[in-house]
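Below is one structure, written out as structure tokens; the observations come after it.
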Amino acid sequence: MRWPRITAPTGARIIAVVMVAAILAAAAWHAGHKVAPTLSGVPVGIMTPVPSSDPLAAGLARCEALGLRADGDAGCAAIWAENRRRFLGDAKGH
């Protein structure tokens with residue numbers, strides 16, 4: 001039995017179908033792997049913050065926990081001002 005002769009357009013279609021099938025298979029395989037990103041072998045969602053001895057960090061954490069209520073909190077406003085001062089430096093250039 002002889003195989004039918006494959007013309008260039010038919011060969012191109014066959015290659016295109018095979019490539020699309022390979023791409024879909026790779027996408028399905030990738031979508032099936034739900035692995036949490038890790039840092040030092042510990043899943044990111046399970047990591048706990050390291051306690052800090054810096055009172056500014058503790059205050060920032062408290063204000064973050066307050067959420068939208070922190071906008072009206074005078075203590076949070078002072079903590080944010082100090083954080084900006086530390087981050088950006090003194091306005092006088094010192």
Name the atoms and distances for all side-chain donor-acceptor pairs under 3.5 Å in residues 5-14, with sequence neighbours left out.
{"residue": "T7", "atom": "OG1", "partner": "T10", "partner atom": "OG1", "Å": "3.1"}

With sequence neighbours excluded, residues passing side chain to side chain contact (heavy atoms under 4.5 Å, CB included) with R84: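 Only W80, A81 meet the side chain to side chain contact (heavy atoms under 4.5 Å, CB included) criterion with R84.
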
Distance-minimising heavy-atom pair for C63 and A70: O-CB, 3.5 Å

Residue pair C76 / R62: nearest heavy atoms and the distance that separates them: SG-NH2, 3.7 Å

Value rounded to 0.5 Å, distance of CG in L56 from CZ in R85: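 Interatomic distance, L56 CG to R85 CZ, rounded to 0.5 Å: 9.5 Å.
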
